[in-house]
Amino acid sequence: DRSIKPGDVIEIDGTYGFKDFVVESPVGKFGATQLSTAFGMDGISQSGKVNYAIKASGLTVPQQMLPNWSVALLPTDLDLNFGGANIDLDSMAKKTIDTLDLNNNPPLPEDFGDQISADFLAMTPKVVLGHSTVKNGNIEIALEGEMTFPGEKPDASLTVDIAGYEKIVETLQNAAKTDPEAAQYFPMVLAVKGFGKTLPDGRVEWVINAKPDGSVLVNGAMLKAADPVQDDSSDEDDG
């Protein structure tokens with residue numbers, strides 16, 4: 001045993017697991033044969049991490065609340081991993097302690113929250129989506145990416161690849177013959193596939209990049225151009 005010293009990193013981890021998990025609702029039962037959640041964090045540090053994981057298999061939902069054609073597309077298994085990085089809780093805690101004065105009312109300056117928020121964002125904290133999958137018997141969707149906020153707009157990258165995309169197209173194509181809702185989705189599914197890149201193993205992949213200037217690229221092709229630059233000088237000239 002040893003005492004905790006300043007600068008030590010304290011890790012916190014926890015997991016929960018359930019079998020034959022069922023939630024009753026007015027529309028029926030939601031359930032999973034296996035369900036687990038996990039949480040972990042570095043504690044208070046200058047470049048901390050926090051991670052969450054949700055895994056589920058044998059997912060079921062009340063089918064009476066869904067169109068018949070959508071049942072074949074429902075996920076039965078989930079493996080989701082997400083969290084954050086570059087989280088500076090250490091500087092926030094130290095600054096709060098140094099500024100706190102119980103002799104004042106309020107104990108912290110009114111603008112202290114804005115100061116802490118600005119310091120927190122200055123470290124460019126990152127939202128991270130670890131390798132995650134959503135799948136059923138015919139389709140598997142894999143996702144991975146990260147996002148930061150260097151300004152008001154995000155700088156983000158996301159990679160999505162799907163095995164069995166043709167099954168999605170086929171299902172909607174058949175349903176579109178009789179279901180107006182499916183008929184609306186079908187052209188969208190075809191358009192999305194048009195931006196995709198077919199990998200050697202047959203999976204379809206989309207690499208999506210959103211830039212702080214507002215532009216969005218998919219597999220290197222411009223999906224949305226940068227936002228117009230606001231020029232406020234005209235108001236001054238008119239004045």
Side-chain angles (χ1 to χ4, degrees), residues 9-23 30-61 70 72-90 92 120-121 123-150 153-165 167-168 189 192-193 195-212 216-220 223:
V9 175
I10 302 173
E11 296 184 355
I12 302 172
D13 296 284
T15 59
Y16 290 90
F18 305 90
K19 290 185 177 180
D20 298 323
F21 182 78
V22 177
V23 176
F30 295 81
T33 56
Q34 297 278 347
L35 175 64
S36 66
T37 63
F39 166 78
M41 68 175 297
D42 291 345
I44 298 177
S45 66
Q46 290 186 335
S47 184
K49 296 179 181 178
V50 58
N51 298 294
Y52 296 89
I54 300 173
K55 294 184 179 182
S57 60
L59 290 172
T60 55
V61 301
S70 69
L73 304 179
L74 292 177
T76 56
D77 297 86
L78 300 175
D79 186 354
L80 306 179
N81 301 279
F82 53 94
N86 296 342
I87 301 174
D88 184 4
L89 297 180
D90 183 68
M92 294 173 64
F120 179 76
L121 293 175
M123 288 293 293
T124 319
K126 184 184 299 183
V127 178
V128 179
L129 177 63
H131 184 76
S132 301
T133 58
V134 179
K135 61 183 179 180
N136 62 22
N138 299 302
I139 303 164
E140 178 176 296
I141 302 173
L143 308 99
E144 189 169 1
E146 59 183 41
M147 178 170 56
T148 60
F149 289 87
K153 298 176 182 177
D155 185 357
S157 63
L158 176 66
T159 300
V160 181
D161 66 78
I162 301 179
Y165 197 84
K167 181 64 178 180
I168 300 174
V189 169
V192 168
K193 186 178 181 181
F195 282 96
K197 174 185 177 181
T198 302
L199 302 178
D201 62 359
R203 301 174 75 97
V204 184
E205 181 181 76
W206 298 263
V207 179
I208 304 165
N209 296 105
K211 298 299 182 182
V216 179
L217 288 83
V218 179
N219 288 339
L223 179 65

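Model, not experiment: these values are computed from the prediction.
Taking 4.5 Å as the limit, every side-chain heavy atom of I54 sits out of range of all side-chain heavy atoms of L78. Residues L59 and V61 form no side-chain contact, since every pair of their non-hydrogen atoms from C-beta on lies 4.5 Å or further apart. Looking only at side-chain heavy atoms (C-beta outward), P125 and F120 come within less than 4.5 Å of each other.
Atom CZ of R203 and atom CD of E140 lie 4.5 Å apart (nearest 0.5 Å). Separation of atoms OG1 (T148) and NZ (K126) is listed at 7.5 Å; rounding is to 0.5 Å. Between the CH2 atom of W206 and the NZ atom of K193 there is a distance of 8.5 Å, given to the nearest 0.5 Å. Going from atom CD of Q34 over to atom CG of D20 covers 7.5 Å, rounded to the nearest 0.5 Å. The distance from atom CG of L35 to atom NZ of K19, rounded to the nearest 0.5 Å, is 13.0 Å. Atoms CG and CG, on L158 and L143 in that order, are 6.0 Å from each other to the nearest 0.5 Å.
Not one N or O on the side chain of Y52 forms a donor-acceptor pair closer than 3.5 Å with the backbone of L80. Distance alone, capped at 3.5 Å, places no donor-acceptor pair between the T124 side chain and the P150 backbone. Within the 3.5 Å criterion, the main-chain N or O of F195 finds a donor-acceptor partner in the side chain of N219. In terms of modelled atom types and a separation under 3.5 Å, the side chain of D155 and the main chain of P212 share no donor-acceptor contact. Within the 3.5 Å criterion, the main-chain N or O of L217 finds no donor-acceptor partner in the side chain of N209. Checked by atom type and distance alone, the side chain of T133 never pairs as donor or acceptor with a backbone atom of A142 at under 3.5 Å.
Of all the heavy atoms in A38 and T15, the pair that sits closest is CB-CG2, 3.7 Å. Residue A85 comes nearest to V128 through the heavy atom pair CB-CG2, 4.3 Å, listed as atom of the first residue, atom of the second, then distance. Heavy atoms only, all atoms of each residue included: G164 and I139 are closest at O-CG1, 3.7 Å. Looking at every heavy atom in both residues, D42 comes nearest to S47 through OD2-O, 4.2 Å. Closest non-hydrogen pair, E205 versus V207, comes out as OE1-CG2, 3.9 Å.
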Test side chain to side chain donor-acceptor pair (under 3.5 Å) on N138 and N136; report intermediate values, then the result. CA-CA 6 Å; N138 299 302; N136 62 22; 4.9 Å; no
How far apart are the C-alpha atoms of H131 and N81, what are their side-chain angles, what is the distance that settles it, and do they pass the side-chain contact (heavy atoms from CB on, under 4.5 Å) test? CA-CA 6 Å; H131 184 76; N81 301 279; 5.7 Å; no
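Taking the six-membered ring for Trp and thresholds of 30 and 60 degrees, Y16 and F18 have nearly parallel ring planes, at less than 30 degrees apart.
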